Amino acid sequence: MRLSVPGHKDLRKIVVLNPKGGCGKSTLAVNLAGYLASRSNDVAIMDFDPQGSSMRWLKVRSENSAPIHGIAAYDVNSSATRSWQLRVPPHIRYLVVDSPASVPAENLAELTSGAHAILIPVLASDIDVHAASQLMKDLLLIAKVSRRMGRVGVVANRVRENTVAYRRLMKFLYSLSITVVGVLKDSQNYVHSAESGLSIHEMPASKVRGDVERWQPIFDWLEEKLETPLTPRDFRRPQVQRDIHQLIVPLGKDKPGN
């Protein structure tokens, strides 16, 4: 399975990553995309998850909402080239990548190379903590993500504060020396968000104020990373970098089946 993510020089790429399923990657991805789009940015979601949760969210999104371009990367169409399927329109400035579950460690670099920010949602359970620990090792040792660039941020997701599980999770996350950029509560507002095709930032403020406030540290961190130019450290594998450039296809230059 080819996981390389195309782009262009003005694109800001945000990868939502955790090979473990059920940790809330799609929820994080669509709410990021909705927030960015609601502020008049040109945004796309690239959905690699075979469940297609992000694409389903887009399908129920109202035409009156801020537009978001969808790329169903999980849908491998034999009648079209892979570069055509994964093309990012040149007007897009923010690409949110909803990564698949069960990504082999050796394929992580294909997702993370060239990313301005990598967000990892983690749940408060022993299984999720173990999976996150292994993922961090794979990112640093195999994908060669630079710790110095600080592009990896962890989001404690669906938490219930004042519980033993929550305290264990936070103790573990802070032990990683990876930035904990936000803590999101287990809230029904995210269920309503999924059903409506809206991010919680686009829902009535009186109903979501508490949840919206919890996103502010995430956006503060994200804004800094998106404005930090990429360096060679963000492209640690030359072959991956070549693959990405080979997938940059200007619209109108490639056609399905070519």
Side-chain angles (χ1 to χ4, degrees), residues 1-17 26 28-49 52 54-55 57-59 61-100 109-119 149 151 197 199 201-202 219 222-235 237-258:
M1 179 180 181
R2 192 176 182 84
L3 296 174
S4 296
V5 178
H8 52 73
K9 65 182 181 64
D10 296 319
L11 189 68
R12 300 293 185 266
K13 187 172 77 176
I14 306 164
V15 177
V16 182
L17 176 68
S26 295
L28 194 60
V30 298
N31 278 279
L32 284 170
Y35 170 82
L36 291 168
S38 69
R39 278 149 179 76
S40 302
N41 295 301
D42 294 314
V43 182
I45 294 180
M46 182 174 285
D47 190 353
F48 277 103
D49 194 331
S54 292
M55 293 301 100
W57 180 81
L58 279 181
K59 287 180 180 178
R61 187 171 174 81
S62 169
E63 293 182 356
N64 296 324
S65 300
I68 298 174
H69 181 74
I71 303 170
Y74 59 83
D75 184 12
V76 181
N77 187 343
S78 60
S79 66
T81 63
R82 192 60 170 152
S83 59
W84 175 263
Q85 286 184 291
L86 298 183
R87 72 195 186 284
V88 178
H91 71 281
I92 296 296
R93 290 297 175 266
Y94 295 92
L95 174 66
V96 180
V97 180
D98 185 0
S99 65
E110 295 187 62
L111 281 170
T112 59
S113 182
H116 286 76
I118 303 166
L119 283 170
M149 299 307 297
R151 296 198 186 272
S199 71
H201 312 88
E202 299 169 298
F219 293 129
L222 196 59
E223 181 178 2
E224 177 187 349
K225 300 308 171 186
L226 294 177
E227 294 304 316
T228 302
L230 297 175
T231 74
R233 286 180 174 271
D234 298 306
F235 297 94
R237 291 176 56 191
Q239 182 59 45
V240 172
Q241 189 173 11
R242 286 198 297 272
D243 288 345
I244 290 174
H245 289 314
Q246 289 167 3
L247 287 172
I248 301 174
V249 182
L251 292 183
K253 297 295 182 65
D254 195 4
K255 297 180 179 179
N258 286 359

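Below, each value reflects all heavy atoms present in this structure, side chains not excepted, and no hydrogens, waters or symmetry copies. The shown structure was predicted, so the numbers you read here are calculated from the model rather than taken from an experiment. Start at 1 with the first residue, then count along the sequence.
The side chain to side chain donor-acceptor pair (under 3.5 Å) test applied to Y35 returns R39, not counting sequence neighbours. The side chain to side chain donor-acceptor pair (under 3.5 Å) test applied to S199 returns E202, not counting sequence neighbours. For R151, the salt bridge (charged side-chain N to carboxylate O under 4.0 Å, His left out) partners at least two apart in sequence or on another chain are D234.
D49 and Y74 make their closest contact through O-CD2, 3.3 Å (heavy atoms, listed as atom of the first residue, atom of the second, distance). For the pair M46 and A73, the tightest heavy-atom approach, listed with the atom from each and the gap, is CG-CB, 3.8 Å. Counting all heavy atoms, side chain and backbone alike, K13 lies closest to V97 at CG-CG2, 4.1 Å. Closest non-hydrogen pair, S54 versus V30, comes out as OG-CG1, 3.6 Å. Contact record, A37 with A66: O-CB, 3.2 Å, taken as the closest heavy-atom pair. Of all heavy-atom pairs between R61 and G197, the closest is NH1-O, 2.8 Å.
For the atom pair CG of N41 and CD1 of I92, the computed distance is 10.0 Å after rounding to the nearest 0.5 Å. Summarising the geometry, atom CZ belonging to R93 is positioned 8.0 Å from atom CG belonging to L11; distances are rounded to the nearest 0.5 Å. One distance of note links CG of L32 with CD1 of I68; it measures 10.5 Å at 0.5 Å rounding. Going from atom CG of L119 over to atom OG of S99 covers 11.0 Å, rounded to the nearest 0.5 Å. Atoms CG and OH, on D10 and Y94 in that order, are 10.5 Å from each other to the nearest 0.5 Å.
Within the 4.5 Å cutoff, no side-chain heavy atoms of L58 are placed close to those of D47. Contact annotation: the side chain of K225 never approaches that of I118 to less than 4.5 Å [non-hydrogen atoms, C-beta and beyond]. Counting only heavy atoms from C-beta outward, the side chains of T228 and H116 never approach each other to under 4.5 Å. Looking at heavy atoms from C-beta onward, I14 lies in side-chain contact with L36 at the 4.5 angstrom threshold. Between D98 and W57 there is no side-chain heavy-atom pair separated by less than 4.5 Å.
Side-chain atoms of R233 never come within 3.5 Å of backbone atoms of L230 as a donor-acceptor pair (strictly under, hydrogens ignored).
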